[in-house]
Amino acid sequence: MEAIEAGKTIDKIFLQNGLQGPIVADLKKLLAKHNLRANYVPIEKLNRFTRKNHQGVVAFISDVPFYKIEDLLPQLFEEGKTPFLLMLDRLTDVRNFGAICRTAECVGVDAVIIPEKGASPINSDAIKTSAGAIYNIKICKEKNLAHTVDFLQQSGVTVFAATEKAQKHIYDVSFTEPCVLVMGNEETGISKEVLHHADEKIKLPIEGKTLSLNVSVACGAILYEAVRQKLTKI
């Protein structure tokens with residue numbers, strides 16, 4: 001509770017099933033006040049997190065601050081920037097996430113958008129793989145990526161979804177206007193709901209027998225095509 005009041009970035013909170021009492025009631029009110037959602041779990045799971053006296057509550061505090069895209073996007077426009085965003089839909093591999101953040105920071109991506117649930121943890125492995133780039137790029141954690149896509153589109157941002165099922169190659173579209181690139185889960189790709197709302201579906205050309213690239217490699221190739229287009233336009 002002190003961590004929440006102090007403004008610490010809470011990554012996840014686990015609360016023991018059936019836990020009651022006045023302090024628990026105060027905690028729940030505090031969570032609601034700060035729009036934080038608790039995961040209710042059996043005590044056995046909490047015991048796996050720590051051997052110390054957890055009192056029925058375990059919280060993971062992130063070293064990385066999280067932002068909200070509805071607050072960040074207007075700031076980018078006010079600063080005269082052309083928003084260049086990256087959305088990772090349920091990407092779960094820590095090293096892929098870290099590597100992607102490293103590339104994103106290098107090419108000047110303004111923010112990386114991830115879902116509250118189903119995303120890779122932002123832990124020491126992710127930070128190490130990113131070579132510390134995670135500290136230098138804004139990360140937005142959103143409850144519903146489909147709703148976020150709608151918000152971005154209404155704000156004048158074009159949504160490009162990377163999928164092997166696309167007809168267009170990345171060289172057939174323009175990344176020079178406000179845009180967000182969506183990359184999907186390592187195995188299942190982009191969720192149907194997000195994919196359905198995308199403005200453009202794009203893919204990388206594959207000439208060999210292997211049908212797909214590692215998501216980090218694919219993301220890097222697309223981001224650098226966007227950079228090439230921006231430099232050519234200048």
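Since the model is a prediction, treat every value here as computed from it, not as a measurement.
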Hey, is the main chain of [Y] close enough, under 3.5 Å, to the side chain of [X] for a donor-acceptor pair?
{"X": "H54", "Y": "T50", "result": "no"}
{"X": "K68", "Y": "K141", "result": "yes"}
{"X": "D125", "Y": "V94", "result": "no"}
{"X": "S130", "Y": "G132", "result": "yes"}
{"X": "E186", "Y": "D93", "result": "yes"}
{"X": "Q16", "Y": "Y40", "result": "no"}
{"X": "D172", "Y": "H169", "result": "yes"}

Starting at [atom1] of [X], measure out to [atom2] of [Y] and round the result to the nearest 0.5 Å.
{"X": "D63", "Y": "D11", "atom1": "CG", "atom2": "CG", "result": "10.0 Å"}
{"X": "K230", "Y": "T82", "atom1": "NZ", "atom2": "OG1", "result": "6.0 Å"}
{"X": "E70", "Y": "S155", "atom1": "CD", "atom2": "OG", "result": "9.5 Å"}
{"X": "I100", "Y": "E105", "atom1": "CD1", "atom2": "CD", "result": "14.5 Å"}
{"X": "E164", "Y": "I190", "atom1": "CD", "atom2": "CD1", "result": "10.5 Å"}
{"X": "L36", "Y": "E116", "atom1": "CG", "atom2": "CD", "result": "8.5 Å"}

Decide yes or no on side-chain contact (heavy atoms from CB on, under 4.5 Å) for V24 and V57, but give the supporting numbers first.
CA-CA 9 Å; V24 177; V57 182; 5.9 Å; no
Would you say the side chain of [Y] lies within less than 4.5 Å of the side chain of [X], judging by non-hydrogen atoms?
{"X": "C140", "Y": "F66", "value": "no"}
{"X": "M87", "Y": "L152", "value": "yes"}
{"X": "V41", "Y": "V58", "value": "no"}
{"X": "F97", "Y": "I134", "value": "yes"}
{"X": "E5", "Y": "H34", "value": "yes"}
{"X": "L15", "Y": "K28", "value": "yes"}
{"X": "F84", "Y": "L223", "value": "yes"}
{"X": "M183", "Y": "L91", "value": "no"}

Atom CD1 of residue position I23 - does it have more than 12 heavy atoms of other residues, nucleotides or ligands inside 6.0 Å?
no
State whether the number of non-hydrogen atoms from other residues, nucleotides or ligands found under 6.0 Å of E79 atom CD is greater than 12.
yes
Give me the ring orientation class for F14 and F60: parallel if the planes are under 30° apart, tilted from 30 to 60°, perpendicular past 60°.
perpendicular
Go through the side-chain N and O atoms of E177 and T158 and say whether any donor and acceptor fall under 3.5 Å apart.
no
Name all pairs fulfilling the side chain to side chain donor-acceptor pair (under 3.5 Å) condition that reach into residues 212-225, sequence neighbours left out, sorted by first residue then second.
N96-N214, E225-R228, E225-Q229
Given side-chain contact (heavy atoms from CB on, under 4.5 Å), test K143 with K117 step by step and report yes or no.
CA-CA 8 Å; K143 288 184 179 180; K117 288 189 174 182; over 6 Å; no
Grouping I, L, V, M, F, W and Y whenever their side-chain heavy atoms are under 4.5 Å apart, do [X] and [Y] come out in a common cluster?
{"X": "L145", "Y": "Y67", "result": "no"}
{"X": "L73", "Y": "V159", "result": "yes"}
{"X": "I10", "Y": "V64", "result": "no"}
{"X": "Y135", "Y": "I113", "result": "no"}
{"X": "V157", "Y": "V149", "result": "yes"}

Residues 200-208, side-chain donor-acceptor partners within the protein, below 3.5 Å, at least two apart:
residue: E200; atom: OE1; partner: K168; partner atom: NZ; Å: 3.1
residue: E200; atom: OE2; partner: K168; partner atom: NZ; Å: 3.2
residue: K203; atom: NZ; partner: A166; partner atom: O; Å: 3.3

Of the non-hydrogen atoms in [X] and [Y], which two are nearest, and what is the gap between them?
{"X": "L86", "Y": "A104", "result": "CD2-CB, 4.1 Å"}
{"X": "C179", "Y": "F175", "result": "SG-O, 3.7 Å"}
{"X": "L195", "Y": "A161", "result": "CD1-CB, 3.7 Å"}
{"X": "S191", "Y": "R90", "result": "N-NH2, 3.3 Å"}
{"X": "I222", "Y": "L181", "result": "CG2-CD2, 3.6 Å"}
{"X": "A221", "Y": "I170", "result": "O-CD1, 4.2 Å"}

side-chain contact (heavy atoms from CB on, under 4.5 Å) for I114 and I122? Distances and angles first, verdict last.
CA-CA 11 Å; I114 61 174; I122 303 177; 4.1 Å; yes
Name all residues meeting the side chain to side chain donor-acceptor pair (under 3.5 Å) criterion together with K138; count only those two or more places apart in sequence or in a different chain, and write none if there are none.
none
For the pair L85 and L76, evaluate side-chain contact (heavy atoms from CB on, under 4.5 Å) and give the outcome as yes or no after the intermediate values.
CA-CA 11 Å; L85 309 170; L76 295 174; 4.2 Å; yes
